[in-house]
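Working notes, structure below.
The analysis underlying the following values was restricted to heavy atoms, covering all of them including side chains, and did not include hydrogens, waters or symmetry mates.
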Amino acid sequence: KQWYQRRVSITAGDLYVYDDRSYKFDMYWPATAYMIKQAAGVTKGGQYSGFEWVGAINMKQVYHIAKNKVENDSRVKYVPLDQMCRNVIRQAEKMCIAVVRD
């Protein structure tokens, strides 16, 4: 039961098994959309991008999400931080979550 509870919390990852029976497991940071929804305090994004806003996040939260993605997710390790911030803003706007300046 304890193993199952730990297993449920795993979001995504890659498992590499080698010929010598060793393995490597890379866990990924949660999806950007998940972190944006958590920061905005909503459970679901809006349906019509640009016409309705279901929540808002500020630039400090955008920076925090982008920094955590770059530092912890091996898939975007070499993406510059300013580009990752723009990606987070773009994705938040597609989800009908406004990005406000502090």
NZ-OG1 distance between Lys37 and Thr32, expressed to the nearest 0.5 angstrom: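 Reported to 0.5 Å precision, the distance equals 11.5 Å.
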
Between NZ on residue Lys77 and CD on residue Glu71, distance to nearest 0.5 Å: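 These two atoms lie 12.0 Å from each other.
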
Can you list, pair by pair, the side-chain donor-acceptor contacts under 3.5 Å of residues 89-101, counting residues two or more places apart and other chains?
unit_1 : atom_1 : unit_2 : atom_2 : d
Arg90  : NH1    : Asn87  : OD1    : 3.1

Shortest non-hydrogen contact between [X] and [Y], atoms and distance:
{"X": "Val88", "Y": "Ile65", "result": "CG2-CG2, 4.0 Å"}
{"X": "Lys44", "Y": "Val54", "result": "O-CG2, 3.9 Å"}
{"X": "Val62", "Y": "Cys85", "result": "CG1-O, 3.8 Å"}
{"X": "Met84", "Y": "Val76", "result": "CE-CG2, 4.1 Å"}

Chi angles and distances behind the side-chain contact (heavy atoms from CB on, under 4.5 Å) call for Lys69, Met35: CA-CA 10 Å; Lys69 284 294 280 187; Met35 291 193 288; 3.3 Å; yes

ILVMFWY cluster, Ile36 and Tyr63 together (side-chain gap under 4.5 Å):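 No, separate clusters.
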
More than 12 heavy atoms from other groups under 6.0 Å of CG on Asp20: yes

Neighbour count >12 (heavy atoms, 6.0 Å) for atom OH, Tyr48: no

Residue pair Lys67 / His64, side-chain heavy-atom distance below 4.5 Å: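 No, too far: nothing below the 4.5 Å cut-off.
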
Ile57 backbone acceptor or donor facing Gln61 side chain under 3.5 Å: no

